[in-house]
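Because the structure is a prediction, the values reported are computed rather than measured. What you see below is based on every heavy atom in this structure, not just the backbone, and it leaves out hydrogens, waters and symmetry mates.
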Amino acid sequence: MVDIKIKVYNTLSQRMEELVPLEGNRIRMYVCGPTVYDSAHLGHARAAVTFDVIRRFLQNVGYKVTYARNFTDIDDKIINKSRQTGIPPDEIARIYTEEYRRDMDALGVQPPDFEPKVTEHIPDIIELIRILVDKGFAYQSDGDVFFSIKKFPGYGKLSKRTPEEMLAGIRIDINEKKEDPLDFALWKGAKPDEPWWESPWGKGRPGWHIECSAMSMKYLGTSFEIHGGGKDLIFPHHENEIAQSEAATGKEFVKYWIHNGLIQINREKMSKSIGNIINVKDALSRWSREAIRLFFLSHHYQNPADFSERTLDENESALERLYITIKRASDLRKEGSLTEDRELANSLKRFKQSWFEAMCNDFNTADALGDLFELSRAINRSVDSIGWTPTLDEAIKEMKTLGNILGILEYQPDDYLRKEKLSKRPIEITEQEIEELIRERTEARKAKNWKRADEIREYLKSKGIILEDTPKGTIWRIKTN
RNA sequence: GGCGGCGUAGCCAAGAGGUAAGGCAGCGGUCUGCAAAACCGCAAUACCCCGGUUCGAAUCCGGGCGCCGCCUCCA
């Protein structure tokens, strides 16, 4: 059994609640994945990283987590893209699905247990719509099938507005096929040149919301613990999912609704129309994946996160600090005091506990990171004052473990400090040349030829290489900024 | 117009009744041939403003000001 109390903010109740599984210690979570018609951007990345960390944390404290994230691979946007490019819709979907997987992998996001695609679940979707029609929640109208929001009394409970309020601000075109302007499509009759599937209502394709109901219930059951996604999905997407699912099953669909805040660029929404989209690939060409994760995690997941190059640079520097700590502690000779470092042991205990408290408080990664940095300082202090002790090994191990739950500190220190950074800012010098110059400089230093030694260090610095003279010799790393 | 959120040091960002985490940048010191890294120290004295509740408020309440999101495809 899991004996730790985790509090989560539930969008549905608008308050913090204790996370309690519907049964046993199993947590099922479904997160809305991308519509695959274009490259993944930082918004997709944040959602993926947020729930990746939630999943890792829940697993770490002992929950058995089943995680599903869908691909919407048939949709108006895909069809439009196909028209623009001449590439068939299924090919568009295939290209961007693969790209999304590569991008998420590059960000260190672990693949979900299930990644269902809409086009592979048409029969499940049709079956769900049929149930809704049979129960009188949905009606057919000229080849389309609509959900009748009037029939579902709870409509608006997630987004906290009544149908009257929604109607007041409505800007959508009035569709005369609908009985009520707020009704939404479950099934769309095929127009000429559109992909279609056979259904009891004629040729067509699923509406946008029904897929997530059908697929989440298929893989996770008619009721499950966590459903997540970006805040922008609360209405209408998630509101509609609740209506469809609960109308069909008569049961509560999801216990906890979790929504991550959106990425902003210069205090402004990131969007196609503004033209300020930052792709995952572009971000990764400039910053390490862990610096990007650190950027997300240094904000509470519910808050907006304002992107800027400066902030990302700062996160890269901060990450470097942690890796340098690991490196200098790991490089110590395992000799000297075999007794434990009491002070470090106490710090370790304290910061570890504080870290878990932060994570249990609605996955407050920003707070938790503070503990990681404090642990880092405690480790450095121990290295400076005592040197190697068994406690030090333990502290480093723990620091990595806590970092790993956040999906950081997964590199070997040298791989991060040299190779990873090298790939971000190519330098015009080879590792061999660097090593050779370091040897020459070491000789110069032995001869107390400080002029030559400083010359070499300055030269390497101009190439983006930082040298450090340590008791064990000279080490190098790539300059951060 | 309706609904929701935000405003904390030069910058980023936690905290949400008990006297301001952490990171980046900066300054001073220790260490160093000099550096770098690390460590120590300094740095918010009204936490947007004005009132109120309280022994006590950045945290709660009321009123302003500024900014943002959703209501339309969107992570």
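In this structure, B/C27 forms a base pair with B/G41, meeting either the Watson-Crick or the G-U wobble geometry with both donor-acceptor distances under 3.5 Å. Shown here, B/G69 forms a base pair with B/C3; the pair counts as Watson-Crick or G-U wobble because both key distances fall under 3.5 Å. Judged by Watson-Crick or G-U wobble contacts below 3.5 Å, the nucleotide B/A21 has no partner. Summarising the base pairing, B/U54 is matched to no nucleotide, lacking a Watson-Crick or G-U wobble pair whose two defining distances lie under 3.5 Å. Using the Watson-Crick or G-U wobble rule with both distances under 3.5 Å, B/C34 pairs with nothing in any strand shown.
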Protein-nucleic acid N or O pairs under 3.5 Å, nucleotides 13-15 of chain B:
unit_1: B/A13; atom_1: OP1; unit_2: A/H299; atom_2: NE2; d: 3.2
unit_1: B/A13; atom_1: O3'; unit_2: A/S298; atom_2: O; d: 3.3
unit_1: B/A13; atom_1: O2'; unit_2: A/S298; atom_2: O; d: 3.2
unit_1: B/A14; atom_1: OP1; unit_2: A/H300; atom_2: N; d: 2.7
unit_1: B/A14; atom_1: OP1; unit_2: A/N303; atom_2: ND2; d: 3.0
unit_1: B/A14; atom_1: O3'; unit_2: A/N364; atom_2: ND2; d: 2.8
unit_1: B/G15; atom_1: OP1; unit_2: A/N364; atom_2: ND2; d: 2.4

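Across B/G33, B/A21, B/C68, the shortest atom-to-atom separation from the side chain of A/E374 is found for B/A21. The side chain of A/R161 has B/G2 as its nearest neighbour among B/C34, B/A75, B/G2. Of the candidate nucleotides B/G33, B/C12, B/C71, B/G33 has the atom nearest to the side chain of A/D454.
Taking atom CD1 of A/I278 as the reference point, atom P of B/A75 lies 17 Å away to the nearest angstrom. Here the C1' atom of nucleotide B/A75 and the NZ atom of A/K231 are 12 Å apart, to the nearest Å. Spacing between atom CG of A/D362 and atom P of B/A16 amounts to 11 Å, rounded to whole angstrom units. With rounding to whole Å, A/E239 atom CD is found 12 Å from B/U72 atom P. Whole-Å rounding puts the A/L406 CG to B/G22 C1' distance at 14 Å.
Heavy-atom minimum distance, A/D180 versus A/K150: OD2-NZ, 3.5 Å. In this structure, A/K231 and A/G261 approach most closely via the heavy-atom pair CD-CA, 4.1 Å.
Checked for salt-bridge contact, A/K77 and A/D38 miss the test: no charged N lies under 4.0 Å from a carboxylate O.
A/G43 comes within contact range of at least one nucleobase, with a heavy-atom separation under 4.0 Å. In this structure, A/Q302 reaches neither bases nor backbone, as no heavy-atom distance under 4.0 Å exists between it and the strands shown. A/L372 comes within contact range of no nucleotide atom at all, as no heavy-atom separation falls under 4.0 Å. When heavy atoms are screened at a 4.0 angstrom cut-off, A/L233 is found touching the sugar-phosphate backbone but no base atom. Counting non-hydrogen atoms under 4.0 angstrom, A/K77 reaches the backbone sugars and phosphates but no base.
For the pair A/R161 and A/F235, the cation-pi criterion (under 6.0 Å, within 45° of the ring axis) is fulfilled. A cation-pi arrangement is absent between A/R477 and A/Y416, since the terminal nitrogen or guanidinium carbon is not both under 6.0 Å from the aromatic centre and inside a 45° cone about the axis.
With centroids closer than 5.5 Å and planes inclined by less than 30 degrees as the test, A/F373 and the base of B/G22 fail to qualify as a stacked pair.
A donor and an acceptor atom never sit less than 3.5 Å apart when one is taken from the side chain of A/R310 and the other from the base of B/C12. Counting distance only, with no hydrogens placed and no angle test, the side-chain atoms of A/E314 and the base atoms of B/G23 include a donor-acceptor pair under 3.5 Å.
In this pair, A/F71 and A/Y100 present their aromatic rings perpendicular. The plane angle is above 60°, beyond the 30 to 60° band.
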Per-nucleotide protein contact along nucleotides 36-44 of chain B, 5' to 3', at a 4.0 Å heavy-atom cut-off (B base, S sugar-phosphate only, - neither), is BSSSS----
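One finds no side-chain N or O of A/K451 lying less than 4.0 angstrom from the OP1 or OP2 phosphate oxygen of B/C34.
For the C1' atoms, the distance linking B/G66 with B/U8 amounts to 16 Å, nearest Å.
Judged as a salt bridge (charged side-chain N to carboxylate O under 4.0 Å, His left out), the pairs with a partner in residues 95-111 of chain A (not counting sequence neighbours) are, in order, A/R94-A/E98, A/E99-A/K281, A/R101-A/E115, A/D103-A/K281.
Under a 3.5 Å cut-off, the side chain of A/E316 and the backbone N or O of A/S288 do form a donor-acceptor pair. The backbone N or O of A/N364 lies less than 3.5 Å from no partner atom in the side chain of A/D362, so there is not a single donor-acceptor pair.
Within a 6.0 Å radius of CD in A/E455, other residues, nucleotides and ligands contribute more than 12 heavy atoms.
Considering A/R83, A/K188, A/K191 in turn, A/K188 is the only one that fulfils the salt bridge (charged side-chain N to carboxylate O under 4.0 Å, His left out) rule with A/D76.
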